[in-house]
There are 6 protein chains.
Amino acid sequence: MDLVTFGETMARLENPVVGPMRHARALDLGVGGAESNTAIGLCRLGGTAAWFGRVGDDEFGRLITNVLAGEGVRLGHTVVDRSAPTALLFKERRAGTLTRVQYYRTGSAGSRLCPADVPHDLIRSARVLHVTGITAAISATARQALDDAVETARDAGVPVSLDLNYRRALWTPTEAGECLQKLVKRADLLFATEQEARLIVPDADDDLAGLAAGLAALGPRDVLLKRGAQGVVALCEGALHVQGAHRVPVIDPVGAGDAFAAGYLAEFVRGRPVADRLDTATAAGAYAVTVRGDWEGLPSRADLDLLKSAEDTVTR
Amino acid sequence: MDLVTFGETMARLENPVVGPMRHARALDLGVGGAESNTAIGLCRLGGTAAWFGRVGDDEFGRLITNVLAGEGVRLGHTVVDRSAPTALLFKERRAGTLTRVQYYRTGSAGSRLCPADVPHDLIRSARVLHVTGITAAISATARQALDDAVETARDAGVPVSLDLNYRRALWTPTEAGECLQKLVKRADLLFATEQEARLIVPDADDDLAGLAAGLAALGPRDVLLKRGAQGVVALCEGALHVQGAHRVPVIDPVGAGDAFAAGYLAEFVRGRPVADRLDTATAAGAYAVTVRGDWEGLPSRADLDLLKSAEDTVTR
Amino acid sequence: MDLVTFGETMARLENPVVGPMRHARALDLGVGGAESNTAIGLCRLGGTAAWFGRVGDDEFGRLITNVLAGEGVRLGHTVVDRSAPTALLFKERRAGTLTRVQYYRTGSAGSRLCPADVPHDLIRSARVLHVTGITAAISATARQALDDAVETARDAGVPVSLDLNYRRALWTPTEAGECLQKLVKRADLLFATEQEARLIVPDADDDLAGLAAGLAALGPRDVLLKRGAQGVVALCEGALHVQGAHRVPVIDPVGAGDAFAAGYLAEFVRGRPVADRLDTATAAGAYAVTVRGDWEGLPSRADLDLLKSAEDTVTR
Amino acid sequence: MDLVTFGETMARLENPVVGPMRHARALDLGVGGAESNTAIGLCRLGGTAAWFGRVGDDEFGRLITNVLAGEGVRLGHTVVDRSAPTALLFKERRAGTLTRVQYYRTGSAGSRLCPADVPHDLIRSARVLHVTGITAAISATARQALDDAVETARDAGVPVSLDLNYRRALWTPTEAGECLQKLVKRADLLFATEQEARLIVPDADDDLAGLAAGLAALGPRDVLLKRGAQGVVALCEGALHVQGAHRVPVIDPVGAGDAFAAGYLAEFVRGRPVADRLDTATAAGAYAVTVRGDWEGLPSRADLDLLKSAEDTVTR
Amino acid sequence: MDLVTFGETMARLENPVVGPMRHARALDLGVGGAESNTAIGLCRLGGTAAWFGRVGDDEFGRLITNVLAGEGVRLGHTVVDRSAPTALLFKERRAGTLTRVQYYRTGSAGSRLCPADVPHDLIRSARVLHVTGITAAISATARQALDDAVETARDAGVPVSLDLNYRRALWTPTEAGECLQKLVKRADLLFATEQEARLIVPDADDDLAGLAAGLAALGPRDVLLKRGAQGVVALCEGALHVQGAHRVPVIDPVGAGDAFAAGYLAEFVRGRPVADRLDTATAAGAYAVTVRGDWEGLPSRADLDLLKSAEDTVTR
Amino acid sequence: MDLVTFGETMARLENPVVGPMRHARALDLGVGGAESNTAIGLCRLGGTAAWFGRVGDDEFGRLITNVLAGEGVRLGHTVVDRSAPTALLFKERRAGTLTRVQYYRTGSAGSRLCPADVPHDLIRSARVLHVTGITAAISATARQALDDAVETARDAGVPVSLDLNYRRALWTPTEAGECLQKLVKRADLLFATEQEARLIVPDADDDLAGLAAGLAALGPRDVLLKRGAQGVVALCEGALHVQGAHRVPVIDPVGAGDAFAAGYLAEFVRGRPVADRLDTATAAGAYAVTVRGDWEGLPSRADLDLLKSAEDTVTR
């Protein structure tokens, strides 16, 4: 297995036309979750990925497993929890590209993830274990499961990839900073926005190179500072890389970070050098925002070629 | 004010095409709540109605108040609760006319209704206070508010109308039977299905007349046993009435009971005799099921004329 | 040309889901007009038909000519009126199969039809001229055009087909009765419902055979009394025919009369005997109600075969 | 009451996908009217507003009152006119952001507004009376009602706000210029585009400051020249203000002017200084164009915060 | 593995509203194939199923594998054919419940199924091998693959289930009769309509018991004659069973046969007696027609309980 | 007849929301074909046009003839081929404005076009014969028909207009270059992209003027090199014209070339000078891309005025 990941995946409901959600006559139904998005992304780029977590014994839980299985993600260790509902994510496309989020995830099946759910053998078999800070925020048992999984990976020499993914609705910056710092220290690969990074190393330099160095000093050998349309600043295996972003029309910025991680990890698990990882990561991130949806726009290899050839046409 | 009512009104999401909900690409968005349905029904039949309750400070709460205000329901005492979300009702149109319901209402704004929210003066000004058994089931504070409201009405000589509306997802038959029986004893008008009625008087006769008599013995002067396509058996002001239902194509049976209550109460508050109340109640119930939606098909007076003239055409 | 007809065709807007039109988020857009419906019906059954009338110089006028030309109806004499808008027809699918109609046709382009618009040579070339009572109701100039067209047909020995098509929103029964009686006297083929027929011969017998005879006494050699799901009573070329209707699921009854006329006339212009005319008429009427839309469900010959084979299957 | 306004509000139908309207299979249904748009805008920004006018006794009239009541606009003096239909506004989204409008408002209920409909006491109770030039154009009785309302306001010391809102389909520039000039002379606050302003003061300077001065010389103490993406030039309480527009993606420019007026008036009725009025006006106008619909994108205070924080993010 | 099956699964496009397909503005996209429908049905009833076949290297091929994998069907031996497109099935919902089918499957990936694609070990591991007559009709190589698969099953003692599934668009009755008779002789379980059965035993008795006996005489120990709304006549393990159908509203009759087979086989692989097999088969067939779609309405065990409880309610 | 053209027109299916086509729940249905697009474009600009070709005897064939006839294109010589299906074009709106195409046209009715289908008299009556390179690629018989049609036009002195329209899915660059060069030699007007032009004159200069000269040297008196957003380089009647493109928001670039040709030819057939031809061509091309669809956005004269006035507004 190239990648093992886990967390809470939710049913996602959003208004099809931009504006106040209450004006919508119908809400589009789909699924979303940072970790499973990345798992799908890795599969589309030709890798193999497993995701585990809990879903409710309801239509939304079945929707999640249908979508993930359909996309080729292995679900052998996913648990159907008969005593709690699947969590919901309402994504209000409010105005222009501004979005707002409302969760119904308190007491959800996904937040009941617990240490007993962790498939240690599966993790030991992985080329990389990918986790996010969200799992630490949803419940105490989930956080314990996260700790156990990371420990198992480290013991087995499986690299740990961490995307900080700070969610304001789930905890305060202070809570998050304290908890996530411990995770950073145990991670090999670290994905963060500048804002998230400063939760971990609040005293770091103003410049991004210094910020990356501050994070790398905590442990990770690859630190990826994602800057959206400004590209990425990366400190990987000791070298600094500054790379711009592709210029594409932005339809939906949500999921770009998960796409970036998927692109980076897809090359990482294949043993490709940093330059290739960054190329695929930035291309995947760019491609993803040209399609509506959290994961629907994750690219295949053929899509990346299409993106490249379109750029060639334009710049020629 | 002809009618005052209160309870929990929810955002309602349902699949537009019959089948498993997970196959839907989008869910239709609306609102629903037994009590507010009845309030809308009364307004459409020319009366005045007020509804109170709690909604969240979110798009779903605003949707509820927009819809109710738009339909003419007075909302002067409705509370926007900034610390809890609006409840959700998923209505899965599963197969044929079979539907299944899933709630996200634990800890919801609506279930936080409490005695302090009860507008006693408004209740005293009403021609009838209409309540349902659902309010007793959603929380302890809501049940207390229900008790207080009923007490105020009784003290002021305002008739109390009770629709049992047993909801299996909220409590057990035993819990419900015990609690609802106390309410029945304080009600003047009682609406129930046969199944609900037997929760209250489990030892009643097999036949419906006996069942109605058993309920009337507890206090209500008007007992309405709703039988869907079989019509109604009523024991009102001491006399038994057996009335068939209109024959209409059934598009969506949900909400028929609320329509029936609205029709009955619309004539009751105008001081019309029992026969007129039953006529309007059965016509309203029949009309409502010919339109999709919990309350969308509630008829105006003109709609009842349309129904009547269509029947005349057919039977001529 | 097998059939020439004329009148006012309108843009048609209707709610896609049954219920109050104000609840619709969008209204389906199409076209409709009794005469052009019949022209389409005749084309689908293999004949040739021309329609003329006025449309506005706007998108709705263009929609009408696009649809009619697309369906093969000849439009060489249709006028684009630059000083008046195309009329609108709102069809509210109110409840079950009950519909209500609201027009925006006062001062419309179509109602400005006038004698100068009548293509006399085209009429003289037709196997039948088909008109409806609606044209007499929309304006004085349209009524004059109708008179002129009928006169031309009669002078040229072209049979005149008249569908009474009484529209309550346009004139009173008294106005209509007086005017339409004159038309009946000049018609060779007459289509009417029982209710419409009694506007013309209010003193006719109660039974339908007598009613038909009363009409035939005014002039028409073929009198077709349409009875919906009860079939048809016809007095054609002196003989009485009573024919039942096909049993089909009714999706949308609107347009059944136009389909019936199209079926009858399709055989009439081919010189087929009365029995064939009635067979095709009743089959076309039955088929049309199984599809939503005023003319969209008009059958081709292949569709009539499909209907027949399905009935064979069921009854076998 | 913070704001009282009146005029004709119409059912609005538009094609959901850009292109010729005749290609649309369905038209989106909503409502629109310059004055009621502004009333909704004021309510969303926390104020209280009343609108009056006439609507037909049809589904479109009910749609209008449902929407306005739902949005919190007070409708106590709105008249249901049983003898005329509600007006229609077809908005063709023709190409890119180009739109075309077609009205069906001749003889409409709304245009039958007359002096007897004017609620003088309500006007006297307002902090501002807001009117537009459209009302002067739709009928003689409406123009008289407009005159009476303005006179009542002036007599009561209620400031009069006027948005010129010239509509080419309703009258000629010459007719409009003559009539509107008289209104300008009685207005305290004046909203206009440059093109509209030149109808009033055709001999004014070429530069906008001069144009504003020319208008102010006629009477208004606040003159707001709206310039779309170029911002606003304002001559308020004797001082000139030149303010740029927010940079936002334009989804639908229709309604920006009404949003601007709502923003300005929301602060005006709260006694805020000119700078605050202009800030809220430009922010409201900018926000509104990022959402499709004439009024659907009118912002709440929270939306303005969201807009601001998004801009901070981008510019940081 | 409970069930192994194979064949051609196609992208399915159908008009969402009944009527001529050319009037549709959009066609609903899904997948369909008799064998994979049955595989899905078995999974929903709690069994395990594998399907194999060829799909094109295009979006439709990916759609098919996504849907089947999402539904839990094992696809380990499915081939992506890079040199031919996925077949298409247009399902025209023409009128009422009448449908017409148009294929684009000549030279399709699915029809290129060949002996080399047959996973013999997988077949040997199955509790039943399920095949249909369609595979024999789509190409010579597919027919050979079918022969090989059946031979492998027989050699391994795996029961062979055959659904005749005659498709008029693919071959003539004579061609089909000759070829399918050979298959019947090697089948253990046989599903057929009366019309299909007579292709095999044209000289059988008129009555259905005789027809079933004629088929059983060729080899199959279980013969199931499906009669739609009339139920089933079965000759299983030597005993005749005549069973009526459930009475349900028919939304879409397509797929009822596949559901019936899935229900029968779901009990067969669990070793349940004939009575149970027939109960589940008829219930699954009934349930399936209450939902639109070829396989979308295939029931879970919970759905069958729902169906049963609804019937209890109605008949009580 | 101003313009005669012919070729293969297909049913067109595309995903309504950008992203992988397999995620679409429904595909929008329309028609498309380079030659018929141009014919529609010419009609919309006020000219007369005839198109001929073959369509299947199916709903898609009927859709094509309905749409073309509805748009005013003359179809008197179009053949309904009862032995082959109408071709399909799937247009996947993959990401941003990137699209991908998949055909189902092997063995289609349209590709069975043959010399016997060519209406020589119609061609002789035309002001211009318009052909594209696609027809040469779809089959040998179609190529022969193309040759015959061109020969007839040349013999009759009817100018031949050729749009190279190279389609990668149909043939290789080498095949295309060889075949199309022969066509270029017989063309009077030539439309090409730079890439297409280099297939014909691979040794031409790098600069576009030289490339145009190279093509003109083969015969055409007007050579139009289309450059999308960069405008056009034209060598017409011996003079070089370099013209920029209008700046418009690009919604759908497909069909811009057909619009350009339609604009150019609309003026050519009216005998307008080159400058006018280029103005209308560039305006039509620009307008077309602001509307979704291959031909839906083709402008009328009024649309070109609208485009012009909008540009005036912006640039003022």
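- Environment of CD in B:Glu178: sparse, with no more than 12 heavy atoms of neighbouring residues, nucleotides or ligands closer than 6.0 Å.
- Atom-to-atom distance recorded for A:Leu29:CG and B:Leu27:CG is 5.0 Å, nearest 0.5 angstrom.
- Sorted by first and then second residue, the salt bridge (charged side-chain N to carboxylate O under 4.0 Å, His left out) pairs with a member in residues 293-302 of chain A read A:Arg12-A:Asp294, A:Arg12-A:Glu296, A:Lys91-A:Asp294, A:Glu267-A:Arg301; sequence neighbours excluded.
- At a heavy-atom separation below 4.5 angstrom, chain A is approached by no residue within residues 135-145 of chain B.
- Contact annotation for A:Glu14: neither backbone nor side-chain heavy atoms come within less than 4.5 Å of a heavy atom of chain B.
- Closest approach of B:Asp28 and A:Ala26 over heavy atoms only: OD1-CB, 3.7 Å.
- Residues of residues 62-78 of chain B having a heavy atom under 4.5 Å from any heavy atom of chain A, listed by number: B:Arg62, B:Leu63, B:Asn66.
- Contact annotation for residues 97-111 of chain A against chain B (heavy-atom separation below 4.5 Å, listed by residue number): A:Arg100, A:Gln102, A:Tyr104.
- In this structure, CD on B:Glu59 lies 8.5 Å from CG on A:Asn15, to the nearest 0.5 angstrom.
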